[in-house]
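Below you'll find the structure, written out as structure tokens, and then a few comments.
Atoms within a ligand are numbered from 1 in the order they appear, just like the ligands themselves.
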Amino acid sequence: MSKPSVICIDLDGVLVDMHWGLVRLFGDDPDKYTETQWAEVGEWGLSIPKGDFWGKVRSQGIQWWLNLPKLPWTDELWAAAQATGATCVVLTTPAPFPESSYGKWQWVNENLHTQNILIGRPKEICAQPGTWLIDDRAGYGPRWEGRGGRLLSLKRPWNKDGLSIGEILKILKEAC
Ligand SMILES: [Mg+2]
């Protein structure tokens, strides 16, 4: 397996527990959620009855983004990616308002101690041979790999066919 020169890592659902924050914001207790309920939340919490979804998120300001927790593997995943020697960058699509971009940038600075963050879309314009993407959305596969990159799809309740975090950490270790 060839070594990556660049590793792009998605933020929401991979490094930051945005889904936890969304469930809480929309009135449920995320700490009582079952695997089945998480699967229903899905990418961006779109199955939560939400009304003005983005309006409600935006009303929380930048601080809402800054207060989102890490996932249990965040530090280990970021360190493992860096240990490969590849250039590591957070690659994230913002919500459609500036507080999101501001908060994401600040979160990455404070929690990962890096300014290697690209905020925008479409993600696949960053794909090329030697560039890996770690993401919880399997749908990026054809677009990313069609440009010669490699997708490591992270298994989450809403992405059951993905690789477990343990499998991804093993692949990164083997790429060192
Ligand atoms: Mg994601």
**Asked** Does Leu151 belong to the same Ile/Leu/Val/Met/Phe/Trp/Tyr cluster as Ile171, with side-chain heavy atoms less than 4.5 Å apart forming each link?
**Response** no

**Asked** If you look at Asp136, which of its N/O/S atoms is nearest to the Mg ion (ligand 1)?
**Response** OD1

**Message:** I'd like the atom name of the N/O/S atom in Asp10 lying closest to the Mg ion (ligand 1).
**Reply:** OD2

**Prompt:** Atom CG of Leu66 and atom CD1 of Ile62: how far apart are they, to the nearest 0.5 Å?
**Reply:** 7.5 Å

**Prompt:** Applying the 4.5 Å side-chain criterion to the ILVMFWY set and letting contacts propagate, would Phe97 and Met18 be lumped into a single cluster?
**Reply:** yes

**Item:** the Mg ion (ligand 1) to Asp12: nearest N/O/S atom name
**Value:** O

**Prompt:** With no hydrogens and no angle check, do the side chains of Asp31 and Trp20 hold a donor and an acceptor under 3.5 Å apart?
**Reply:** yes

